[in-house]
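Heads up: the structure comes next, in structure tokens.
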There are 2 protein chains.
Amino acid sequence: MADRNLANAMGRGESLLFLTDDQLRRGIEAMFFAYRGFTADPDRILQEYGYGRAHHRAIHFINRSPGTTVNNLLSILGVTKQSLNRVLRTLVEDGLVDSRVGVRDKRERHLFLTPKGADLERALSEAQRNRMRDAFRAAGPDAVSGFRAVLEQMMDPDMRRHYIDGGDGPR
Amino acid sequence: MADRNLANAMGRGESLLFLTDDQLRRGIEAMFFAYRGFTADPDRILQEYGYGRAHHRAIHFINRSPGTTVNNLLSILGVTKQSLNRVLRTLVEDGLVDSRVGVRDKRERHLFLTPKGADLERALSEAQRNRMRDAFRAAGPDAVSGFRAVLEQMMDPDMRRHYIDGGDGPR
DNA sequence: AGTTTAAGTCAGCCTTGTTGACTTTCCAAG
DNA sequence: CTTGGAAAGTCAACAAGGCTGACTTAAACT
């Protein structure tokens, strides 16, 4: 129903995508509903600890790049330092994150998960990986590469950098 | 690096997906970064109006199913009625949404976008569709179906229903 | 010596989620 | 026909986690 935008079709022959507004709306809603599913399992675990998604995000990226600095984390997470600091403070107070003064540059703080922090990280990412693995399995191998290709294109270019090289950046 | 979980591979031969923890972590981060991109354009527009994502979601689904009830919207959005009510109230006050008392059941309110509301909806969805269209085009047709297949599997089953039949449900 | 940078703090605001208590309306069982 | 419960919506108050702005401290750069 509703076949506006059929004009999209004739690109050059190479990409003959018929993208109606309705198909795009489907894609939009897929993102909405899937993201909710994607965060549902961790959210349940976090609730038991009195934490929120902000804590999860910090824990995830500290685990991915141990020793990362606060500034580094800020640029990945795209929040203000005041916002991140509140979350980080509670994680340090609760003994999940270790914040060490930099050796080369003493202004910097390098962040690490404590064993306790690593435990929570494992629980969270395991739940999320399980859901993602099930989805990948059900959808099949070709779907997986398509999934990643579209999501990569959907990112802001600056963020794509963090996704691509997954590492820590210049130390 | 890090090749734990290679055990996943031998399913039956049909789906020979090598899903390492690292690949799954990539998928998780892809969701995170892509969702940010996905909401970035509407967020900018909403900010000009002093609205947030909650307003966007309400507007989107009222537009998709004109005349839907508050209860219906609640089950789609998955928030408390008090939370939705606040958003809805400002939208009605600002003249973007029309709330009509039900004819058959006067307890119900049926929701419609006013012309003004439809204008904002158009601006928001156009921005979002443009990003999605560009991503789809860049990734190619096969990627698009894979994208949707994986996202559909990632949803909670109850939500998949709303995604699939996209309509209003029983009136 | 003076400027810039990294990190952190305090205060206050907004959106958007929550719970609890309440009204209005509907419907069904006595 | 009334009464009692369920359903839809509203009001009030609180918490998490975004935000801005102003400021401090310490280290590094020039």
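Residue numbering restarts at 1 for every chain, and letters A, B, ... go by the order of the sequence lines.
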| task | Salt-bridge test for B:Arg25 and B:Glu29: reply yes if a basic N is under 4.0 Å from a carboxylate O, no otherwise. | result | yes
| remark: Sequence neighbours excluded, the answer for side chain to side chain contact (heavy atoms under 4.5 Å, CB included) partners of A:Asn130 is A:Glu126, A:Arg133
| query | For DNA chain D, whose closest nucleotide is more 5', that of A:Val103 or that of A:Gly78? | reply | A:Gly78
| field | Residues forming a ring pair (Phe, Tyr, Trp, His ring centres under 6.0 Å) with B:Phe32, sequence neighbours excluded | value | A:Phe61
| remark: Rounded to whole Å, CZ of B:Arg107 lies from C1' of D:dA8 at a distance of 6 Å
| Nearest-Å distance, CG (B:Asp105) to C1' (D:dA6)? | 11 Å
| Rounded distance in Å - CZ (B:Arg104) to P (D:dA7) | 17 Å
| said: From NZ of B:Lys81 over to C1' of D:dA7, roughly how many Å is that when rounded to an integer? | reply: 8 Å
| message | Tell me the interatomic distance from B:Leu74, atom CG, to D:dT10, atom P, rounded to whole angstroms. | response | 11 Å
| note | B:Leu84 CG to D:dG9 P, in whole Å, measures 9 Å
Please tabulate, for the side chains in residues 150-158 of chain B, all donor-acceptor contacts under 3.5 angstrom to protein atoms that are two or more places apart in sequence or on a different chain.
residue  : atom : partner  : partner atom : Å
B:Asp156 : OD1  : A:Arg131 : NH1          : 3.1
B:Asp156 : OD1  : A:Arg131 : NH2          : 3.2

| request: For B:Asp105, check side chain to side chain contact (heavy atoms under 4.5 Å, CB included) against everything at least two apart and list the hits. | output: B:Arg107, B:Glu108
| request: Could you list where the contact with chain A starts and ends along DNA chain C, reading 5' to 3', using a 4.0 Å heavy-atom cut-off? | output: C:dT5 to C:dC10
| query | With sugar-phosphate meaning primed atoms plus P, OP1 and OP2, does A:Lys106 contact a base, only sugar-phosphate, or nothing at under 4.0 Å between heavy atoms? | reply | sugar-phosphate
| remark: Among D:dC19, D:dT10, D:dA28, the one nearest any side-chain atom of A:Ser83 is D:dC19
| task | Tell me, please, which residues at least two apart from A:Ala127 pass side chain to side chain contact (heavy atoms under 4.5 Å, CB included). | result | A:Asp41, A:Ile45
| task | Tell me whether the OP1 or OP2 atom of D:dC19 has a side-chain N or O from A:Thr80 closer than 4.0 Å. | result | yes
Every protein N/O within reach of nucleotides 11-16 of chain D N/O, cut-off under 3.5 Å:
residue : atom : partner : partner atom : Å
D:dC11  : OP2  : B:Arg89 : NH1          : 2.8

| task | Work out which heavy atom in A:Leu74 is nearest to a heavy atom in A:Val79; give both atom names and the distance. | result | CD2-O, 3.6 Å
| remark: Sorted by chain and residue number, the ring pair (Phe, Tyr, Trp, His ring centres under 6.0 Å) partners of A:Tyr51 (sequence neighbours excluded) come out as A:His55
| message | Applying side chain to side chain contact (heavy atoms under 4.5 Å, CB included), can you list everything that pairs with B:Asp134, at least two apart in sequence or on another chain? | response | none
